[in-house]
Amino acid sequence: MDLFDYMRTTAMKSEAPLASRIRPTTLEEIEGQQHILGKDKLLYRAIRADKLGSVIFYGPPGTGKTTIAKVIANTTSAEFTQINATTAGKKDMEEVVRQAKDSLGMYGKRTILFVDEIHRFNKGQQDYLLPFVEDGTLILIGATTENPYFEVNGALLSRSIIFELKALEKEEIKKLLLRALNDVEKGMGAYNGVIEEDALDFLADMAGGDARNALNALELGILTTECAEDGRIHITLKVASECIQKKVVRYDKGGDNHYDTISAFIKSMRGSDPDAAVFYLAKMLYAGEDIRFIARRVMICASEDVGNADPQALCVAVAAAQAVERIGMPESQIILAHAVSYVASAPKSNAASNSIFAAMETVRSSTTTVPVHLQDSHYKGAGKLGHGTGYLYAHDFPEHYVKQQYLPDEIADQTFYHPTEIGYEQKIAERLKRLKSRPS
C-alpha cells in the first residue's frame, strides 16, 4: 500500500456512514443472532477456535451478515479477502484463487473468501469456485438476502453450512443506537447528542429489524439538527420521524418474505380470520405488491376454499379483480379489502376442489369409454353406430331429473364430489341425496 492508498483508506474510514463505522469487531459486540452466536452454538465455537468451514449467511438486510464476516476476518489466522458479487468478474476471482494458492503453498495458510450478495453470481461463476472450495484452497463465506436453496448451486450448498439470520428485535436496535450515539471514537459521540426515549422507541420500531436503517436515520438526525441552548443536539420524536419517513417492511417480491406473506394471507382467508387476512393484505399493499396478483389469489381462495359453501364468494372475488384492473390504486385497496373480508368470513368447503383432484387421479390411472347413450349422435354416421341410443332427456321428467348412468362403465360406482353440510352446500347435499334416493 502506497501513501495515496493509505490516505484514501483512512479518509474512507472517517467519512464512511455511521452503520459502517460502528460495525462490531468482536463477537461480544454483536447484538442479536443469539440462536447462532450464543456461546454454546456451533458458529460461535467455530469462530472462537478458528476452525470455520464454508458457510452461507442468509437473512434480511441490516441483520449482521457482513458484520459477522468482518469479525471472522479480525479473529482468524487465515488470509481473508472480500469481493462483491455485483461487481466482481472472472478476473477478480482468478486473482483471488491465484493468491490463495500462493498463500497455501508458500505459508501453509488457507484463504477465507467472503462473497457479499452471492446470489448475484451466475451458475458459471459459482461453478468456478466449486473445485477450490472442494479441495480446501478457499473457505467460502457467502452472504445473501435470497433463499440460498433457490439461488446457490446445490454443489456449493452441500459443502457449506447455512446460517439464517433473523431481523433484529426492537431492544437490540435500541442498544445499537445508544452505542452509536455515545461512541466518541467510531460513532456520533463527538456531536454531544441526546435522543429522547420516545424518539428512540420510534426509530427502533420503524427500522423493521434493520439496524443499518436505524443507524442511517440517527446519523441524519445528528448531522442536520442544530444545537439547542444547552449545547446539545436533541433527537426528538419530530426529528426522528423526519429522518425515517416510512417503516421498513420485510417484503421482497422475489424472495421469501413475499412467499411467507402471501402464504399467511391465503391461510388466514382459509381459516376464516378476516382480521389477519386484511392485515396481510395491508402489508402487501404497503410494500407495493401488484394488486392484480393479490386479486388472483383471492379468486383462487374463493373457489378452492369457499367453493359451494358460498358460491357468491367467487362472484365477489371476480368482480373485485375486474374492478381493481379498471380503477387502480389507491382506491383498489378498498375493493380488495371488501373481497378479502367477504371470502375470509364466508363458510368454507373444499369439496368442489377435491372433486377435480380425485377425478384427475382417476383419469390418470384408468382407461374409460364414454357410455354409448351419452355419445353424440349428430355427426355423420353416428346414428348408424347407435350413438345416443337410449339417452333420457332430463327436462322431460319431473324436477328435470331422471336416473341414468353418466359415468363410464369402468368407474360407474365412483363418487368424486362429496358436498358438505356447510353453508349453501348443505342444500346441494340434500338435493343430491333426495334425487339419488328416487326410484328408477
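On a predicted model such as this, the values are computed, not experimentally measured, just so you know.
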K174/E171 ion pair, N-O < 4.0 Å: yes
Closest non-hydrogen atom pair between L18 and K186, with its separation: CD1-O, 4.1 Å
Contact summary for L218 and A180, nearest pair of heavy atoms: CD2-CB, 4.2 Å
Between CD1 on residue I36 and CD1 on residue I161, distance to nearest 0.5 Å: 11.5 Å
Over 12 foreign heavy atoms within 6.0 Å of NE2, H35: yes
N74 and T25 side chains, donor-acceptor separation under 3.5 Å: no
Validation row: T111, I139 side chains within 4.5 angstrom (heavy atoms): no
Atom OH of Y107 with >12 non-hydrogen neighbours under 6.0 angstrom: no
Nearest heavy-atom neighbours spanning R212 and A19: CG-CB, 3.8 Å
L215 and I173, any side-chain heavy atoms less than 4.5 Å apart: no
Pairwise side-chain contact, I235 with V194, heavy-atom cut-off 4.5 Å (strictly under): no
Which atom of G38 lies closest to which atom of Y44, heavy atoms considered: O-CB, 3.2 Å
Pair Q82-K70, side-chain donor/acceptor within less than 3.5 Å: yes
Full working for salt bridge (Lys or Arg N to Asp or Glu O under 4.0 Å) between R159 and E134: CA-CA 7 Å; R159 291 158 177 81; E134 192 167 33; 2.6 Å; yes
E430 and K433: CA distance, side-chain angles, deciding distance, salt bridge (Lys or Arg N to Asp or Glu O under 4.0 Å) verdict: CA-CA 5 Å; E430 290 171 352; K433 183 178 180 181; over 6 Å; no
Pairs meeting criterion side-chain hydrogen bond (donor to acceptor under 3.5 Å, both in side chains) with involvement of residues 291-308, two or more places apart: R270-D305, D290-R292, N308-Y417
Residue pair F202 / S241: nearest heavy atoms and the distance that separates them: CE2-CA, 3.4 Å
Geometric class of the F163/F57 ring pair [parallel <30°, tilted 30-60°, perpendicular >60°]: tilted
E185, CD atom: more than 12 neighbouring heavy atoms under 6.0 Å: no
From CA spacing to verdict: side-chain contact (heavy atoms from CB on, under 4.5 Å), F132, V96: CA-CA 11 Å; F132 306 111; V96 168; over 6 Å; no
Straight-line distance of I300 CD1 to I266 CD1, nearest 0.5 Å: 7.0 Å
Note, L168 side chain near D210 side chain (heavy atom, < 4.5 Å): no
Straight-line distance of S341 OG to M269 CE, nearest 0.5 Å: 11.0 Å
Flag side-chain contact, heavy atom, 4.5 Å: N192 against I233: no
Residues E31 and R179 bridged, charged N to O under 4.0 Å: yes
Gap separating the CD1 atom of I195 from the OG1 atom of T236, nearest 0.5 angstrom: 9.0 Å
Check: S355 side chain, A352 main-chain N or O, donor-acceptor pair, under 3.5 Å: yes
Any donor-acceptor N/O pair, D92 side chain to G89 backbone, under 3.5 Å: yes
Side-chain heavy-atom pair L281, I294 within 4.5 angstrom cut-off: yes
Backbone of G189 reached by a side-chain donor or acceptor of D183 within 3.5 Å: no
Closest heavy-atom pair and its distance - V239, G221: CG1-CA, 4.1 Å
Gap between atom CG of D127 and atom CG of L156 - 0.5 Å precision: 7.5 Å
Y259/N147 under side-chain hydrogen bond (donor to acceptor under 3.5 Å, both in side chains): CA gap, chis, key distance, verdict: CA-CA 11 Å; Y259 295 108; N147 190 326; over 6 Å; no
Residue R431 excluded, over 12 heavy atoms near CZ under 6.0 Å: no
Any side-chain heavy-atom pair of F293 and I262 under 4.5 Å: yes
Residues E242, K238: salt bridge by 4.0 Å N-O rule: yes
Between D273 and S268, a side-chain donor and acceptor under 3.5 Å: no
Reported CG-to-CG distance for the pair L176 and L203, which is rounded to 0.5 angstrom: 12.5 Å
Crowding at OH, Y424 (>12 non-hydrogen neighbours, <6.0 Å): no
Test: E117 and R120 ion pair at under 4.0 Å: yes
side-chain contact (heavy atoms from CB on, under 4.5 Å) between T63 and Q33, worked out: CA-CA 8 Å; T63 52; Q33 313 307 337; 3.8 Å; yes
Backbone of R23 reached by a side-chain donor or acceptor of E29 within 3.5 Å: no
Donor-acceptor contact below 3.5 Å, side chain D205 vs main chain D201: no
Pair E410-T368, side-chain donor/acceptor within less than 3.5 Å: no
Exam field: side chain E79 to backbone R110, donor-acceptor pair closer than 3.5 Å: no
Any donor-acceptor pair under 3.5 Å from T224 side chain to L220 backbone: yes
Give every donor-acceptor pair under 3.5 Å between a side-chain atom in residues 328-335 and any protein atom, sequence neighbours left out.
unit_1: S332; atom_1: OG; unit_2: G328; atom_2: N; d: 3.3
unit_1: S332; atom_1: OG; unit_2: G328; atom_2: O; d: 2.7
unit_1: Q333; atom_1: NE2; unit_2: P330; atom_2: O; d: 3.1

Test item: R98 and E95 side chains (from C-beta on) under 4.5 Å apart, heavy atoms: yes
Side-chain donor/acceptor of N350 to backbone N/O of S353, under 3.5 Å: no
Evaluation steps, side-chain contact (heavy atoms from CB on, under 4.5 Å), between D230 and H234: CA-CA 10 Å; D230 62 0; H234 290 261; 2.8 Å; yes
Single hit among L130, V55, I118, I112 for side chain to side chain contact (heavy atoms under 4.5 Å, CB included) with L140: I118
Full working for salt bridge (Lys or Arg N to Asp or Glu O under 4.0 Å) between R21 and E219: CA-CA 11 Å; R21 300 199 310 272; E219 183 178 28; 3.4 Å; yes
Residues E425 and S349: side-chain donor-acceptor under 3.5 angstrom: yes
Verdict with reasoning, E361 to R364, per salt bridge (Lys or Arg N to Asp or Glu O under 4.0 Å): CA-CA 5 Å; E361 182 57 36; R364 279 192 292 267; 3.0 Å; yes
Flag, side chain of K427 to backbone of G423, donor-acceptor distance under 3.5 Å: no
